Participant: 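One structure follows; several queries about it will come next.
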Amino acid sequence: MNALAATSRNFKQAAKLLGLDSKLEKSLLIPFREIKVECTIPKDDGTLASYVGFRVQHDNARGPMKGGIRYHHEVEPDEVNALAQLMTWKTAVANIPYGGAKGGIGCSPGDLSISELERLTRVFTQKIHDLIGIHTDVPAPDMGTNGQTMAWILDEYSKFHGYSPAVVTGKPVDLGGSLGRDAATGRGVLFATEALLAEHGKTIAGQRFVIQGFGNVGSWAAQLITEAGGKVIAISDVTGAVKNVNGLDIAKLMKHSAENRGIMGFEGGDAVDSNSLLTEECDVLIPAALGGVINKDNADDIKAKYIIEAANHPTDPEADEILAKKGVLILPDILANSGGVTVSYFEWVQNIQGFMWDEEKVNRELKTYMTRAFRDTKEMCSSHHCDLRMGAFTLGVNRVARATVLRGWEA
Ligand SMILES: NC(=O)C1=CN([C@@H]2O[C@H](COP(=O)(O)OP(=O)(O)OC[C@H]3O[C@@H](n4cnc5c(N)ncnc54)[C@H](O)[C@@H]3O)[C@@H](O)[C@H]2O)C=CC1
Ligand SMILES: O=C(O)CCC(=O)C(=O)O
């Protein structure tokens, strides 16, 4: 199912459970603004290349719009729209004072040189600089982008508006980035997983994990889960998949991946078919790469007891239904991966205050926010007799609806 159709379907189900007024429901679904720009850059060989960039600003009822920028060849308007909408519900689930946005450029970052990536990022920023801002829309990294990308956006934006570190989060620490932001999404995944397992009298220790994706989110999740005593038995990335039933050595895998631009060829495990990674025998499955990977074609074969959605919208609604019948518990994206945007919020607060927190404070506050978001979601599950996805959606949608009504949406 198309990402936008899937996300909107979940939203509509939540709106129904909440008994939202139909006009309000429609207004919450429609994005505030959709931006599409053409970015033409000279390549290193002197030829010109054009890329299409997007920024969808979904909702700002609760505060400035917030969300990452993705560089990936599959970036397209419907997906960016879905991701922007998810950000609106996610920031509300985390109860941080933001709305939702998302952006992206349709490109293959691995095929571009560093200087080409810099030129592309600067041209994209030139085209959107008057529509983002500290109190309007604050970008951050997502798939295919990182702290360096944010540094270029910050620099380009500052040429127009003066030095403005709070215009992006996920920046390098040297430019006002927060300690702990790099690990934050993975650490939030750890805290959310601990909260879910605790409900069933379990801890991370001794559980077998399978992780799809070994980028920012997947690699930090793998590292922190291993430190907490979990056994990561299989991991995939775009280059391949590796399995070791005794537990992969994550530190060695990270070194291999950095030196070889991927996990393929790692000798601390057996190479396995990436397509069957999601259906490997394990206790906890963590998709941490692309959307729509758990769908009606593979849901029935999934053997994990728990799915922790570190990626955005990895599970199709059809798969949700199949997995529910099998008794698989899914911790939804808008809760499970909210640690990233939560520490982005801490970064923004630090930039505005001009005061830097130590890493221990960042991690402690993150745990407080993740634990509270989990508890608030569970309360919605009890009051609306629904699963965790609908618990999180009703929580987020209800908070945004309340803010919208309070601000006087009827004009
Ligand atoms: N970076 C962040 O703070 C946050 C990221 N997310 C989500 O987490 C997911 C991963 O994002 P990042 O780790 O930041 O991206 P990244 O670009 O750092 O890493 C992406 C990883 O996915 C792998 N991958 C790509 N295609 C694949 C495939 N077909 N099969 C297996 N692996 C594949 C890549 O090889 C890479 O290891 C995305 O869905 C993103 O939206 C969600 C919240 C915050
Ligand atoms: O840190 C942020 O502002 C946004 C992170 C993000 O794009 C996401 O949570 O999907």
Side-chain angles (χ1 to χ4, degrees), residues 3 64-75 79-80 82-91 93-94 96 98-104 108-110 137-147 149-150 166-171 177-178 180-189 192 210-222 234-242 253-254 257-258 260-264 273-278 286-293 308-315 332-348:
M65 294 170 281
K66 187 87 189 81
I69 292 187
R70 178 177 286 199
Y71 288 181
H72 192 266
H73 63 277
E74 281 170 3
V75 164
E79 163 132 287
V80 183
L83 292 166
Q85 191 195 135
L86 282 173
M87 286 309 303
T88 299
W89 318 135
K90 188 186 300 182
T91 54
V93 167
I96 53 179
Y98 286 141
K102 201 83 171 199
S108 301
D137 178 3
V138 183
D142 191 77
M143 269 185 90
T145 58
N146 54 28
T149 324
M150 297 306 114
V167 75
V168 285
T169 60
K171 314 174 273 294
S178 178
R181 173 61 185 91
D182 198 42
T185 310
R187 194 178 296 280
V189 164
V210 166
I211 303 179
Q212 182 189 51
F214 200 59
N216 171 274
V217 180
S219 66
W220 273 110
I235 294 188
S236 71
D237 73 0
V238 74
T239 67
V242 61
L253 185 57
M254 286 186 73
S257 176
N260 299 278
R261 298 184 77 187
I263 65 176
M264 201 172 69
D273 179 8
S274 324
N275 295 321
S276 57
L277 182 105
L278 297 169
I286 306 188
L290 300 169
V293 292
I308 312 294
E309 294 187 336
N312 283 306
H313 76 86
T315 314
D333 46 10
I334 56 173
L335 169 59
N337 70 31
S338 65
V341 73
T342 298
V343 175
S344 276
Y345 165 55
F346 301 159
E347 180 173 326
W348 183 76

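Counting convention: from 1, in listed order, for ligands and their atoms alike. Note that the structure is predicted; figures quoted are calculated from it, not measured.
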Participant: Would you check the N or O atoms of Val217, main chain and side chain alike, for any that come under 3.5 Å of an N or O of ligand 1?
Facilitator: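 Yes, since at least one N or O of Val217 sits under 3.5 Å from an N or O of ligand 1.
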Participant: For atom 10 (O) of ligand 2, which of the options Met65, His313, Lys102 provides the nearest non-hydrogen atom?
Facilitator: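 Shortest heavy-atom distance from atom 10 (O) of ligand 2: Lys102.
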Participant: Can you tell me which residue and heavy atom of the protein come closest to atom 11 (O) of ligand 1, and the distance to 0.1 Å?
Facilitator: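 Minimum-distance protein heavy atom for atom 11 (O) of ligand 1 reads Met143 CG, 3.5 Å.
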Participant: Quick one: are Pro64 and Trp348 in side-chain contact, heavy atoms under 4.5 Å?
Facilitator: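 Contact flag for Pro64/Trp348 side chains = yes.
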Participant: Between Ala310 and ligand 1, which part of the residue brings a heavy atom under 4.0 Å of the ligand: side chain, backbone, both or neither?
Facilitator: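 Backbone only; the side chain of Ala310 stays clear of ligand 1.
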Participant: Using heavy atoms and a 4.0 Å limit, tell me yes or no: is Gly67 in contact with ligand 2?
Facilitator: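 Contact present.
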Participant: Say you draw a straight line from NZ of Lys66 to NZ of Lys90; how long is it, rounded to the nearest 0.5 Å?
Facilitator: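 Atom-to-atom, Lys66:NZ and Lys90:NZ are 10.5 Å apart.
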Participant: I'd like to know if the side chain of Thr239 reaches the main chain of Ile263, judged simply by a donor and an acceptor atom lying under 3.5 Å from each other, with no hydrogens or angles considered.
Facilitator: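 The answer is yes, because a donor-acceptor pair under 3.5 Å joins these two groups.
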Participant: Please classify the Arg181 to ligand 1 contact at 4.0 Å (heavy-atom distances, strictly less than): side chain, backbone, both or neither.
Facilitator: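 Within the 4.0 Å criterion, Arg181 contacts ligand 1 through side-chain atoms alone.
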Participant: Counting only nitrogen or oxygen atoms and a 3.5 angstrom limit, does Asp142 reach ligand 1?
Facilitator: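 There is such a contact, yes.
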Participant: Taking the side chain as everything from C-beta on, heavy atoms only, tell me whether Asn312 gets closer than 4.5 Å to Met143.
Facilitator: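 Contact flag for Asn312/Met143 side chains = no.
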Participant: With only distance considered, is Gly218 within less than 3.5 Å of ligand 1 through an N or O on each side?
Facilitator: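 Gly218 vs ligand 1: no N/O contact under 3.5 Å.
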Participant: Given Arg181, Lys90, Glu347, Lys66, identify the one with the heavy atom nearest to atom 5 (C) of ligand 2.
Facilitator: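 Looking at heavy atoms only, the winner is Arg181.
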Participant: For ligand 1, which atoms, with element, lie under 4.0 Å from some heavy atom of Gln212?
Facilitator: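 Matching atoms, with element in brackets: 30 (N), 31 (C).
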Participant: Just to be sure I read this right, does ligand 2 sit under 4.0 Å from the backbone of Asp142, its side chain, both, or neither, counting only heavy atoms?
Facilitator: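 For Asp142, the contact with ligand 2 is made by the side chain alone.
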Participant: Using a plain distance cutoff, I'd like to know if Thr239 has any nitrogen or oxygen under 3.5 Å from a nitrogen or oxygen of ligand 1.
Facilitator: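 No, there is no polar N/O contact under 3.5 Å.
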Participant: Which option wins on minimum heavy-atom distance to atom 17 (O) of ligand 1: Gly215, Gly67, Gly144?
Facilitator: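 Going through Gly215, Gly67, Gly144 one by one, Gly144 has the nearest heavy atom to atom 17 (O) of ligand 1.
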Participant: Would you check if His313 and Glu79 make a side-chain contact, meaning some heavy-atom pair closer than 4.5 Å?
Facilitator: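 SC-SC contact between His313 and Glu79 confirmed.
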Participant: Any nitrogen or oxygen of Ala288 lying under 3.5 Å from a nitrogen or oxygen in ligand 1? Just yes or no.
Facilitator: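 There is no such contact.
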Participant: Judged on heavy-atom distance to atom 18 (O) of ligand 1, which of Asn275, Asn216, Thr169 sits nearest?
Facilitator: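 Ranked by closest heavy atom to atom 18 (O) of ligand 1, first place is Asn216.
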Participant: If you measure from each heavy atom of Arg70 to ligand 1, is any distance below 4.0 Å?
Facilitator: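 Yes, that is the case, since the closest heavy atom of the residue is under 4.0 Å from the ligand.
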Participant: Do Thr315 and Glu309 come close enough that some side-chain heavy atom pair is under 4.5 Å?
Facilitator: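 SC-SC contact between Thr315 and Glu309 confirmed.
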Participant: If you draw a 6.0 Å radius around CE in Met264, do more than 12 non-hydrogen atoms from other residues or ligands fall strictly inside?
Facilitator: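 Not more than 12 within 6.0 Å, no.
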Participant: Can you tell which of Ile263, Leu290, Thr185 gets a heavy atom nearest to atom 26 (N) of ligand 1?
Facilitator: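 Result: the heavy atom closest to atom 26 (N) of ligand 1 is in Leu290.
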Participant: Distance check, rounded to the nearest 0.5 Å: Leu86 atom CG versus Ser338 atom OG?
Facilitator: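 Between atom CG of Leu86 and atom OG of Ser338 there are 12.0 Å.
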Participant: Using a 4.0 Å heavy-atom cut-off, say whether Asn312 meets ligand 2 through its side chain, its backbone, both or neither.
Facilitator: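 Within the 4.0 Å criterion, Asn312 contacts ligand 2 through side-chain atoms alone.
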Participant: Is Ser274 in contact with ligand 1, taking contact as a heavy-atom separation below 4.0 Å?
Facilitator: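 No heavy atom of Ser274 comes that close to ligand 1.
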Participant: Closer than 4.0 Å to some heavy atom of Ser344 - which atoms of ligand 2 meet that?
Facilitator: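 Once the distances to Ser344 are compared, the set is 1 (O), 2 (C), 3 (O).
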Participant: If you measure from CZ on Phe346 to OG1 on Thr169, what distance do you get to the nearest 0.5 Å?
Facilitator: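 The distance works out to 12.0 Å.
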